[in-house]
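Notes to accompany the following structure.
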Amino acid sequence: MNKRRLLMKSIALSLFLFFTFSFSTAAQSDVSNKVDYSRDVIYQIVTDRFYDGDSTNNPSGNIYSSDCSNLHKYCGGDWQGIIDKIDDGYLTGLGITALWISQPVENVYALHPSGYTSYHGYWARDYKKTNPYYGDFNDFDRLIETAHANNIKVIVDFTPNHSSPALETDPSYAENGAIYDNGTLLGSYSNDPLNIFHHNGGTDFSSYEDSIYRNLYDLADYNLHNDTMDQYLKDSIKLWLDKGIDGIRVDAVKHMPEGWQTSLMSEIYAYEPVFTFGEWFLGSGEIDPQNHHFANESGMSLLDFQFGQSIRDVLKDGSSDWYDFHEMIDSSAVDYNEVIDQVTFIDNHDMSRFSEEASSNRHTDIALAVLLTSRGVPTIYYGTEQYLTGDSDPDNRKPLTNFDTSTNAYQITSQLTSLRQSNPALGYGDTNERWINSDVYIYERKFGNNVVVTAVNRGHESYNITNLNTSLPEGGYNDELNTLLDGANITVSSNSSVDSFNLSPRAVSVWQYTESSTTPLIGHVGPMVGKAGNTVTINGEGFGTEEGTVQLGSSTVEIQSWSDTEIEILLPNINPGKHDITVNTANNNSSNSYNDFELLTGKQITMRFVVNNAFTTLGSNVYIVGNVSELGNWNPDEAIGPMFNQVVYEYPSWYYDISVPANESIEFKFIKKDAVGNVEWESGINHSVTTPHDGTDTVIVDWQQ
Ligand code: NOJ
Ligand code: NOJ
Ligand code: CA
């Protein structure tokens, strides 16, 4: 961002802060903070299916179903429809503070040979144009303005993995994957002179590498190691950042090289930092260390499929119980460096809807209450508040026809979204189990003196709860859900024990206590990676109104803004790598340390490292390590890999795409690690390469015997 934009932004920000905070005292969503979503609630909209606010932009011909009886076709929903539902109070009354909308870019117009269309927005044609059936750029601007005026953030979906359906052998299949840069054809799948696509066939999902370098179904897969594509996608997302978006949901992150995505994130964080989360699908019970690694190292968060599948197992299918759920809560808090940044949900457009025609709505209500009081950024899929049903795509994407604000689900959401705003324990707190059996789960979220306790009984019998201890101070507590789910009021005595009470069948109770800390407490830092000169935002409480200092590792950093709950810092030019962050108040109180902020060596580009003739024995793999922090600073434990050896290059060649500093002379070596971690170094002198200023590059060397 240039200085003038920064100045304009800070003037706008001060005016905004003045008007917001001079008239209200209650904490509320702050759309000027685009990096901390932990206290927000996201509402996921399939734009075409939410509300048709402008029938003049509806498609005509064979891709349109005017009564939406064919759910594979466009049904008319648009950005005007979302604006209308903000203006009429439906979305504001629900209390949600962010919208995740379908990818806004122009999509293919063709009817897919199987009768499908691009109504969902995942089949891009030109990222620098709008999907005309959702609206034009004016409509998009008005959507952003309307949302922001109502303290609602806007997140767009983004598909940098592929363009659209294509068949190498048949140019007339759909639109042949053709992709345009603001009207100029860049290439199509069967006519690809710039080499912007992979031509390696479809993936059988047999390995991580196979899923990355081959097509996902029939979708024309981008070659992200191509300067044109790299530049085009990075420029495209900047165009939407310039339009004022507040967040990005990245499609199919498991199907793209992590290195390229890391370089994308560093570009975004240097330009306009916004919360970004990727979609890495996991099935029920699936735990994938690569998924944790990606969430911890790529610079973006993930949709929390472990949470989503687990809550479905306990409350929808009944295939597991609260012990299993709590185990997921405990292990994920360790596996994810920032578990509060992972995006939680109970269903979405790629799985069966939580509500079922055959069963009562109560299980949806219970699940919503747990979702909204748990760690992570909760997302509600449009229509859940109206108990929409539908088993699989496209039945789980039916149009919303009811906008009833009196449903239990609507009311529960409204109560708990405002609790997330007023009590920071829900956004920043740890989770502690306080009472558990297979039916009952009582858990506490705590941040400083702020406490929220949730008690849920999924069973059909009532439980008398004795011996419950919490951090709630002595006193009486009313159910924050106003007995919408048959909750109880409780009394806490001086020794923090809760007087015994009955937890009714299928009941949820929420009790809370709010008290700000007088000493500094960091709840969130965003983003957790960046290069010197970037802005990073620290949220929490007790920072004081007078400016103190912030330490990054052992360095004191430059402060850009300071308030009791939010500090903006400028990243200094110190030694790259991981550093902890601490806040010190003007009267010399020190905060907790927020660990492992990653300071990059500099601007990032993607480099493909290739080593030939690296023979290994079964169970051994090749990794790369080098003299920059992005390559592990010569520490074999931090080496990057295991490298790939099947698709782009084949064994005994190994390759890997890695985000490394631009315009830098880098030294590196390859190592072999066996199954138990024994390391064998290459002999000879270090390899070296000078990385480009921009774009991508490849370096190929021989393994030194
Ligand atoms: C995952 C999306 O959520 C899904 O709906 C889409 O079809 C695929 N990625 C391909 O873009
Ligand atoms: C340790 C490795 O053994 C060696 O090969 C490499 O050159 C150095 N690290 C670089 O400092
Ligand atoms: Ca329309």
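Remember, it's 1-based here, ligands and their atoms both numbered in the order they're listed.
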*Counting heavy atoms only, which of Asp251, Leu303, Thr159 is nearest atom 8 (C) of ligand 1?*
Asp251
Checking only N/O/S atoms, does [X] have one that is under 3.0 Å from the Ca ion (ligand 3)?
X: Asn58; result: yes
X: Gly77; result: no
X: Ser55; result: no

*asked:* Using the rule given for side chain to side chain contact (heavy atoms under 4.5 Å, CB included), can you reason through Lys153 versus Val274, listing the C-alpha separation, both sets of side-chain angles and the distance that settles it, and then say yes or no?
replied: CA-CA 11 Å; Lys153 301 170 182 173; Val274 300; over 6 Å; no
*Can you label the angle between the Trp240 ring and the Phe137 ring as parallel, tilted or perpendicular, going by 30° and 60°?*
tilted
*Check the angle between the aromatic planes of Phe644 and Tyr656 and answer parallel, tilted or perpendicular using the 30° and 60° thresholds.*
tilted
Find, among atoms of [X] that are N, O or S, the one nearest to the Ca ion (ligand 3), and state its name.
X: Asp78; value: OD2
X: Asp54; value: O
X: Asp52; value: OD1

*Under a 4.0 Å N-O cut-off, is there an ion pair linking Lys243 with Asp141?*
yes
*Quick one: nearest non-hydrogen protein atom to atom 7 (O) of ligand 1, plus distance?*
Tyr122 CD1, 4.1 Å
*asked:* Just to confirm my output: which protein heavy-atom neighbour is closest to atom 5 (O) of ligand 1, and how far is it?
replied: Asp350 OD1, 2.8 Å
*Ring-face cation contact, Tyr133 with Arg49, 6.0 Å cut, 45° max*: no
_Taking the cut-offs as 6.0 angstrom to the six-membered ring centre and 45 degrees off its axis, would you call Lys85 and Phe50 a cation-pi pair?_
no
_If we set the cut-off at 4.0 Å for heavy atoms, which region of Glu279 has an atom near ligand 1: side chain, backbone, both, or neither?_
side chain
_Test of understanding: given a 4.0 Å heavy-atom threshold, classify the contact between Lys254 and ligand 1 as side chain, backbone, both, or neither._
neither
Below 4.0 Å from any atom of ligand 1, is there a heavy atom belonging to [X]?
X: Arg397; result: yes
X: His255; result: no
X: His349; result: yes

_Using 0.5 Å steps for rounding, measure from the CG atom of Asp78 to the CG atom of Asn58._
6.5 Å
*Mind checking whether Trp280 and Tyr208 have ring centres under 6.0 Å apart?*
yes
*Could you tell me whether a side-chain N or O of Ser118 sits under 3.5 Å from a main-chain N or O of Val108, the two making a donor and an acceptor?*
yes
